[in-house]
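This report refers to the structure that appears directly beneath it.
This is a predicted model, so every value here is computed, not measured.
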Amino acid sequence: MNSDLVELIKLSDIDKSIDSFLPKIEAANKKLHIAQNKLSRVAERMEETKRLIEQNETKVGEYERQLEMLGGQLQDITKKSKNVTTDKEVKALGLEEDIAKEKMTFANEEIGRLQEISNIKATELQELQNEYDSEKQSVDAIANDVEQVHATIENQKVELYSSREESVMSIKPNILQFYEKIRMWARNSAIVPIRKQACYGCFLKINDKTYAEVIKSQEIITCPHCGRILYIEPQMDDE
Ligand SMILES: [Zn+2]
């Protein structure tokens, strides 16, 4: 095979490897991002549950203060009842007492109801905490993987860029320029094999004359349809 072509194929392989890094990095970052989102959603639900418990506790506190006040009121009523003389006064105090007792019953019921909700929320919070802990573990593991992917890729990049530099040096400038020009639009299919006498870039059939020229491989031949550089794969050389 034409030595320029051999070098170009080598360079094209290096370029393909370099270009494959970005999707790998993106895939790793995406996975981390999804896991982090999941974790922050669990954290948000925990905050919401804590807020609810706090609100409940505040309400319970209010009812407890009310109970204290009502207790005082009842004591006052008892004291007053010793000094009342008329039926009207007795009745009025009795009514006052009933109202205070009714309010106490209501406050006690509310405290019970709120505490029951708080207990349920506390169980939920514990479950969320467990979920959070296990999500956090998986985020940490993924972050670790991502870091390793980045490190591996950085190492490979350094190697590949130095191989690329070497490869570029061994290619004639005009041929390199020609390749770079095709690569601008064809990206990683700037150089393609011929399979079943068709260009593997545009998949159109190659005429016999061009096909024969590519097989001879004395110079760089491009596809007459799309302009990509063509070559015959080694295993086909043997046939
Ligand atoms: Zn083509």
Begin with the C-alpha distance, continue with both residues' side-chain angles, and end with the deciding distance and a verdict on side chain to side chain donor-acceptor pair (under 3.5 Å) for Gln115 and Asn56. CA-CA 7 Å; Gln115 277 171 343; Asn56 264 3; over 6 Å; no
Would you sort out whether Glu7 and Lys10 count as a salt bridge (Lys or Arg N to Asp or Glu O under 4.0 Å), showing the intermediate values? CA-CA 5 Å; Glu7 284 303 326; Lys10 225 192 273 173; 3.3 Å; yes
List the steps and the verdict of side chain to side chain donor-acceptor pair (under 3.5 Å) for Asp133 and Gln137. CA-CA 6 Å; Asp133 291 346; Gln137 263 183 356; over 6 Å; no
Yes or no on salt bridge (Lys or Arg N to Asp or Glu O under 4.0 Å) for Arg164 and Asp13, after CA distance, side-chain angles and deciding distance? CA-CA 10 Å; Arg164 189 180 199 278; Asp13 284 342; over 6 Å; no
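Counting only residues at least two apart or on different chains, the salt bridge (charged side-chain N to carboxylate O under 4.0 Å, His left out) pairs with a member in residues 90-109 are Glu97-Lys101.
Counting only N and O atoms by type, the side chains of Asn207 and Thr210 include a donor and acceptor under 3.5 Å apart. A side-chain donor from one of Asp15 and Tyr179 sits under 3.5 Å from a side-chain acceptor of the other. Counting only N and O atoms by type, the side chains of Thr86 and Glu89 include a donor and acceptor under 3.5 Å apart. Looking at Ser217 and Asn2, their side chains never bring a donor and an acceptor atom within 3.5 Å of each other. Residues Ser189 and Arg228 have side chains that bring a donor and an acceptor to within less than 3.5 angstrom of each other.
We find that Glu233 and Lys196 are not joined by a salt bridge, their nearest charged nitrogen and carboxylate oxygen being 4.0 Å or further apart. The residues Lys59 and Glu62 are annotated as not salt-bridged, no charged nitrogen and carboxylate oxygen being separated by less than 4.0 angstrom. Classification of Lys121 and Glu124 as a salt-bridged pair holds, one side-chain N sitting under 4.0 Å from a carboxylate O. Using a 4.0 Å cut-off between charged side-chain N and carboxylate O, Glu213 and Lys209 make a salt bridge. Salt-bridge formation is detected for the pair Glu47/Lys50: a Lys NZ or Arg NE/NH1/NH2 atom is positioned less than 4.0 Å from an Asp or Glu carboxylate oxygen.
Hydrophobic cluster membership for Ile34: none, as no Ile, Leu, Val, Met, Phe, Trp or Tyr side chain comes under 4.5 Å of it.
Around CD of Glu147, the count of heavy atoms belonging to other residues, nucleotides or ligands within 6.0 Å does not exceed 12.
Hydrophobic cluster membership is shared by Ile215 and Leu230, with clusters built from Ile, Leu, Val, Met, Phe, Trp and Tyr side chains linked at under 4.5 angstrom.
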